[in-house]
Amino acid sequence: MGLTGIQIFQLLPKTNCKECGVPTCLAFAMNLAAGKAKLSDCPHVSEEAKQKLASESAPPIRTVEIGTGDGAFKIGGETVLFRHEKTFFNPTGLAMLVNDDEPAESADAKLERFKEASYLRVGLTLHPDAVAVRCASGDAQKFAACVAKVKSATDRGIILVSESPDVMEAGVKACAGRRPLIYAATPDNADKMIALAKEHKLPLAARAPDLEALASLSEKIAGAGIEDLVIDPGSRKIKQALHDQIHIREAAIQKKFKPFGFPTIALPFEMTDDPIKETVYASLLMAKYAGLLVLSDIQGHSIFNLLLERLNIFTDPQRPMKTEQKIYEINNPGPKSPILVTSNFSLTYFIVSGEIENSRVPAYLAVLDTEGLSVLTAWAAGKFVGDLLGSFINKSGIKDKLEKRSVIIPGAAAVIQGDLEEELGSDWEVLVGPREAAYIPAYLKQNFS
Amino acid sequence: MAVQVPKRTYTGAIRPIEVGKGDKAFKVGGETAYPFYTFEGEMPHEPRFGLDVLDIEPDDWADSLVAIYGDALKDPAAWAKKCVEEFGADLVQVTLAGTNPNDKNLPPEHAVEVVKAVCEAVDVPVSVWGSTAPDKDTEVLRAVAEAMAGRRLAIGPVQEDNHKQLGAAALAYHHVVIASTPIDINLAKQLNVLLGNLGVKDENILIDPTVGGLGYGLEYSYSVMERARMAALTQQDEKLQFPMYCNLGIEVWKTKESKLPDGEMNLGRQKERGVLMEAITATTLLAAGADVLIMRHPEAMKKARELSAELMAD
């Protein structure tokens with residue numbers, strides 16, 4: 001992560017002994033830098049080099065896991081400032097707040113919405129990750145009861161929110177076996193919170209009023225032997241919150257500033273009373289480095305959009321998203337409906353299927369597995385050609401469902417028309433559609449309605 | 001304890017570009033740091049927010065949008081007036097959807113008439129967006145440029161296929177071009193070089209990086225914009241030192257999610273869903289360097305603008 005191959009090479013014995021399995025120390029150094037080799041593969045490396053490399057190769061931001069089993073999720077572990085430089089690894093955790101003094105019906109309705117907020121997209125299930133239970137009553141008993149209720153209502157992660165160590169202890173006990181995050185140690189209660197986190201082996205969040213105080217608190221907690229730390233710079237105005245997130249990430253990654261080498265937590269619900277504004281704040285902090293966000297509520301119209309943003313921002317830019325190869329039915333097609341064909345690059349699929357829906361013309365959409373390449377790129381690579389498409393359509397069995405057999409190919413791949421006609425045979429008609437998806441509705445309305 | 005915050009050295013700046021004529025004309029751009037990194041540099045001109053006005057009455061808009069504009073959707077001039085007077089748009093974009101050669105295929109005269117009416121109805125800057133079909137846009141946007149000579153419209157999308165004709169028209173009639181390329185930093189640069197060779201001055205160019213809506217390719221636009229800003233500000237890439245124009249409303253409001261009725265598929269209420277979809281798209285683009293944002297729902301615009309103002313405030 002930190003060092004380049006050349007820098008690592010300087011620390012190696014440079015004997016080219018080959019015992020690590022590659023011919024030269026330089027090649028081994030390159031593999032180490034690329035994460036393809038372990039330092040322990042080198043039998044002759046010096047202690048000094050080991051120490052130096054170990055500290056340099058540890059990820060600049062620690063990965064922290066919250067929750068257990070299927071409900072566990074990871075935050076942190078990031079290595080870059082901008083997603084195009086590599087990728088962002090662990091999606092921002094999204095949590096919903098429940099107060100222990102909230103009327104039961106309100107809390108129950110929220111927990112129900114939390115459970116229902118689950119969406120299938122590009123083969124992934126998107127959902128929020130945790131419930132944050134806050135002690136607003138000041139009463140440890142009440143808090144423990146609320147925690148127990150949340151614990152039985154969901155398998156997902158839990159965040160315990162209180163600054164009182166006594167209240168927190170009651171919460172921790174009510175949450176046994178679920179690895180909740182303790183929020184928060186502050187400069188005032190740090191000793192007791194540290195003891196609690198250590199005793200129960202739990203991740204701990206640290207909050208301080210500014211970056212300097214946060215660095216000191218983080219150092220103190222790490223010094224006490226706690227590794228799973230989440231940090232909160234305490235800013236509750238969006239401008240300061242954004243700046244703090246940037247400073248923390250840059251200090252951790254560019255300066256290897258250890259006290260900030262942890263995922264962050266931000267609390268948009270404390271920044272405004274307007275739920276729309278809160279969601280907008282959350283969306284900014286998601287793009288800009290928050291590891292965990294706590295929201296006042298979960299509503300389909302807000303959480304769905306945040307989950308989409310998270311999917312977008314945390315998608316690996318080097319790997320195209322793919323859609324399943326199959327024939328999709330859009331607008332209830334029948335025996336006279338046309339088949340449009342396209343590639344399985346998920347963006348292409350979303351745009352083309354969206355435009356067909358907009359046209360309100362019933363149609364089939366045949367999505368060919370092009371390994372995530374777009375139509376033109378796939379065609380150039382020989383993956384979107386007449387015989388592959390033809391055999392996909394032939395094998396799908398769609399033919400028997402149709403009376404009028406029309407296939408529409410993308411205008412950008414017009415050249416495959418002849419090959420596809422040949423492959424499908426004379427009882428099919430192969431038409432060339434528009435080049436741009438935006439023109440699909442007009443094309444379909446003109447020719448098929 | 002002393003916090004080690006790295007300080008970046010910037011070597012370039014975004015050019016300030018003026019759009020419009022008269023009292024309401026404004027400048028965008030001028031940044032000397034990454035978007036809202038005001039602890040490292042200047043952001044002299046705030047991002048500007050426009051609302052989208054169509055030349056023909058839309059027949060496929062979400063109910064929550066139709067409810068806002070009502071009968072004004074039938075009259076571009078009244079529609080534009082509402083955008084400015086009621087909703088406080090900094091500019092109005094006229095989208096010439098009716099000229100689409102694959103649909104209604106209305107002639108350039110229609111476009112000229114609509115743009116004229118809108119320009120007379122409002123005092124804020126106006127941008128004009130074609131059907132995106134390069135040949136038809138050449139014809140239509142050239143006619144608009146000529147009819148509105150000196151009004152300093154922003155005209156787009158100017159694409160590689162029609163940059164010569166549209167670049168020349170903008171040059172002759174004193175407008176700003178919106179140089180549009182398909183989510184690719186090298187193509188964006190290349191088009192600006194071509195426009196420069198043609199004689200279009202640097203002070204007359206905005207970049208359209210091509211925008212994907214939330215859940216529909218936003219990540220590609222996001223990263224291309226971040227890379228463009230990085231090249232412009234830290235690698236002295238002069239041909240990318242232009243403000244970015246993001247036509248996002250159209251992308252957000254054509255998605256099925258923005259139109260589904262209340263309660264379907266656990267997606268909550270239509271109005272809030274659409275507003276947030278657009279406001280979050282705008283927020284993300286602001287974070288990546290958007291300077292002009294063209295939106296459709298006034299409440300989404302209001303939220304994004306409030307955020308921008310809070311981030312700009314001292």
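Numbered from 1 within each chain, the chains take letters A, B, ... in sequence-line order.
Remark: A:Arg83 does not engage B:Glu219 in a salt bridge, criterion side-chain N to carboxylate O under 4.0 Å.
One distance of note links NZ of A:Lys277 with NZ of B:Lys302; it measures 8.5 Å at 0.5 Å rounding. In this structure, NZ in B:Lys256 is found 4.5 Å from CD in A:Glu357, a value given to the nearest 0.5 Å. With rounding to the nearest 0.5 angstrom, the OH atom of B:Tyr34 is 9.0 Å from the NZ atom of A:Lys288. Here OG1 of B:Thr284 is found 8.0 Å from CG of A:Asn312. Values are rounded to the nearest 0.5 Å. A:Gln299 CD to B:Leu276 CG: the interatomic distance, rounded to the nearest 0.5 Å, is 10.5 Å. In this structure, CZ on A:Phe260 lies 10.0 Å from CD on B:Gln4, to the nearest 0.5 angstrom.
When heavy atoms are compared at a cutoff of 4.5 Å, B:Leu307 approaches chain A solely by way of its side chain, counted from C-beta outward. B:Glu40 touches chain A through its side chain: at least one heavy atom from C-beta onward sits under 4.5 Å away, while N, CA, C and O do not. Heavy atoms of B:Met230 lying under 4.5 Å from chain A belong exclusively to its side chain. Residue contact with chain A, scored on non-hydrogen atoms closer than 4.5 Å, is absent for B:Glu299. Neither the backbone nor the side chain of B:Thr255 comes within contact range of chain A, judged by heavy atoms closer than 4.5 Å. Heavy-atom distances place the side chain of A:Glu219, and not its backbone, under 4.5 Å from chain B. Proximity to chain B is absent for every atom of A:Leu311, based on heavy atoms less than 4.5 angstrom apart. Only the side chain of A:Pro259 comes within contact range of chain B, judged by heavy atoms closer than 4.5 Å. Contact of A:Leu81 with chain B is made through the side chain alone, with heavy-atom distances under 4.5 Å. Neither the backbone nor the side chain of B:Thr281 has a heavy atom closer than 4.5 Å to any heavy atom of chain A. Contacts between A:Ile238 and chain B at a heavy-atom distance below 4.5 Å involve backbone atoms as well as side-chain atoms. Residue A:Glu85 touches chain B through its side chain alone, counting heavy-atom pairs closer than 4.5 Å. With a threshold of 4.5 angstrom between heavy atoms, B:Lys259 approaches chain A through side-chain atoms but not through N, CA, C or O. Of the two parts of A:Phe345, only the side chain, counted from C-beta on, holds a non-hydrogen atom closer than 4.5 Å to a non-hydrogen atom of chain B. For A:Leu242, the part lying under 4.5 angstrom from a heavy atom of chain B is the side chain only. Heavy atoms closer than 4.5 Å to chain B are found in the side chain of A:Arg121, but not in its backbone.
For B:Glu310 and A:Tyr281, the side-chain atoms include at least one donor-acceptor pair closer than 3.5 Å.
A 4.5 Å side-chain heavy-atom check between A:Phe82 and B:Arg229 finds every atom pair outside the cut-off. Taking 4.5 Å as the limit, some side-chain heavy atom of B:Lys254 sits within range of a side-chain heavy atom of A:Glu355. A:Thr272 is not listed as a side-chain neighbour of B:Glu306, based on a closest heavy-atom distance of 4.5 Å or more. Under the 4.5 Å side-chain criterion, counting only non-hydrogen atoms from C-beta, A:Arg360 is in contact with B:Asp60. For the pair B:Glu257 and A:Asn305, the minimum side-chain heavy-atom distance is 4.5 Å or more. Using a 4.5 Å heavy-atom cutoff, the side chains of B:Lys303 and A:Thr279 are not in contact. The side-chain heavy atoms of B:Thr38 and A:Lys239, taken from C-beta on, include a pair separated by under 4.5 Å. The shortest side-chain heavy-atom distance between B:Ile280 and A:Leu308 does not fall under the 4.5 Å cut-off.
Of the possible donor and acceptor atoms, none in the side chain of A:His84 sits under 3.5 Å from a partner among the backbone N and O of B:Tyr220. Side-chain N or O atoms of B:Asn266 include one that pairs as donor or acceptor with a backbone N or O of A:Glu116 at under 3.5 Å.
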task = Please report the C-alpha distance between A:Tyr119 and B:Leu267 in whole Å, then the side-chain angles of each, then the deciding distance to 0.1 Å, and finally whether the side chain to side chain contact (heavy atoms under 4.5 Å, CB included) criterion is met.
result = CA-CA 9 Å; A:Tyr119 310 92; B:Leu267 293 174; 3.5 Å; yes
query = Yes or no on side chain to side chain contact (heavy atoms under 4.5 Å, CB included) for A:His301 and B:Asp262, after CA distance, side-chain angles and deciding distance?
reply = CA-CA 9 Å; A:His301 47 251; B:Asp262 286 359; over 6 Å; no
task = Under the side chain to side chain contact (heavy atoms under 4.5 Å, CB included) rule, what do B:Phe39 and A:Ile246 come out as? Steps first, then yes or no, please.
result = CA-CA 10 Å; B:Phe39 48 88; A:Ile246 295 168; 3.8 Å; yes
inquiry  = B:Asn102 vs A:Gln446, test: side chain to side chain contact (heavy atoms under 4.5 Å, CB included). Steps then yes/no.
reply    = CA-CA 9 Å; B:Asn102 294 293; A:Gln446 221 161 53; over 6 Å; no
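Put simply, of A:Asp274, A:Leu214, A:Ile303, A:Ile253, the one with the most heavy-atom pairs under 4.5 Å next to chain B is A:Asp274. Across B:Ala288, B:Ala133, B:Gly268, B:Pro6, the residue that shares the most heavy-atom pairs under 4.5 angstrom with chain A is B:Pro6. Contacts with chain B were tallied for A:Glu436, A:Met321, A:Glu250; A:Glu250 has the most, counting heavy-atom pairs under 4.5 Å. Ranking A:Pro317, A:Ser216, A:Ser302 against chain B, the residue ahead of the rest is A:Ser216, based on heavy-atom pairs under 4.5 Å. Between chain B and the options A:Phe350, A:Tyr439, A:Phe304, heavy-atom pairs under 4.5 Å are most frequent for A:Tyr439.
More than 12 heavy atoms of other residues, nucleotides or ligands shown are found within 6.0 angstrom of CE on B:Met312. Atom CD of A:Gln254 has more than 12 neighbouring heavy atoms from other residues, nucleotides or ligands inside a 6.0 Å radius. For A:Lys86, the NZ atom is loosely surrounded, since the number of other residues' heavy atoms within 6.0 Å does not exceed 12.
Partners of B:Glu226 under the side-chain hydrogen bond (donor to acceptor under 3.5 Å, both in side chains) rule, at least two apart in sequence or in another chain, are B:Tyr222.
When all heavy atoms of A:Leu347 and B:Tyr216 are compared, the pair lying nearest together is CD1-C, 3.2 Å.
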